[in-house]
Amino acid sequence: MTGHLVAGLLAGYGIAMPVGAVAAHLVALTARTSLRTGVCAALGVATADGLYALVATVAGAAAAPVVTPLMGPLRWVSACVLIALALRSAATALAHHRRAQTAAEDAEDPPSPARAYTSLLGITLLNPTTVLYFAALVVGSRTDAEPDRLGQAVFTLAAFAASASWQLLLAGGGALLGRALTGRRGRLCTALASSALIIALAVHLVVAAP
């Protein structure tokens, strides 16, 4: 079991630690909303990583021929979703900055924790980096022996725990950033910087495709 535990932890941290568009959005979302919303969003990312870890352990090498042809379409879908998300975030930030906001309007704008969870879950499931990473695990899986169900469960839970711990760390950083940037101008700058970074990463995702 130790081997499955270590492998799961390494797999979870391996996909979670590189800071990409999803991580940037998570930090910016927490900075603009609350730690509670950021925690739910972080768990959405970790859930997606856990699901892919489960697929990698259960499907084995037999899934590789099915996953590989989807890489191109998933890359474009992910880039479009990220760009749309960035543009919407920037437009919302500009609109809020240009008009006076009442307390009631401000309370309605932030996404609910449940919406933050489902949003980040969907974005991460469409992230080609996540798909490619766990597809490599699928290709390397062995299917010539009786599957070790307990080992699969340990690997999946370890991958989820590793990803969750890192995403929660990012959410905590976003909450601290939010306390430092409480003014209207600070929120605008944070939102625009995050949107620009997400668009740049989304473009790089497509341009760097083999």
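- Closest heavy-atom contact between Q167 and A46: CG-N, 4.5 Å.
- For S119, there are no side chain to side chain donor-acceptor pair (under 3.5 Å) partners at least two apart in sequence or on another chain.
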Going through the distances and angles, do T47 and Y117 end up as a side-chain hydrogen bond (donor to acceptor under 3.5 Å, both in side chains)?
CA-CA 9 Å; T47 300; Y117 174 87; 2.9 Å; yes
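- In this structure, the separation between CG on L43 and CG on L168 is 5.5 Å, given to the nearest 0.5 Å.
- With hydrophobic clusters built from ILVMFWY side chains whose heavy atoms lie under 4.5 angstrom apart, L150 does not share a cluster with L157.
- Across every non-hydrogen atom of T156 and G50, the tightest pair is CG2-O, 3.4 Å.
- No side-chain donor-acceptor contact under 3.5 Å links S163 to the backbone of F160.
- Remark: I123 CD1 to T118 OG1 distance equals 9.5 Å, nearest 0.5 Å.
- Minimum heavy-atom separation, L35 to A175: CD1-CB, 3.9 Å.
- The shortest non-hydrogen separation linking G38 to T30 is CA-OG1, 3.2 Å.
- Scanning all heavy atoms of the two residues, the minimum distance from L26 to L170 falls at CD2-CB, 4.0 Å.
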Passes side-chain contact (heavy atoms from CB on, under 4.5 Å), L120 versus L29? Steps please.
CA-CA 10 Å; L120 269 293; L29 175 66; 4.1 Å; yes
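- For the pair S165 (side chain) and A162 (backbone), a donor-acceptor distance under 3.5 Å is present.
- Across A48 and L121, no two heavy atoms sit closer than the pair N-CD1, 3.6 Å.
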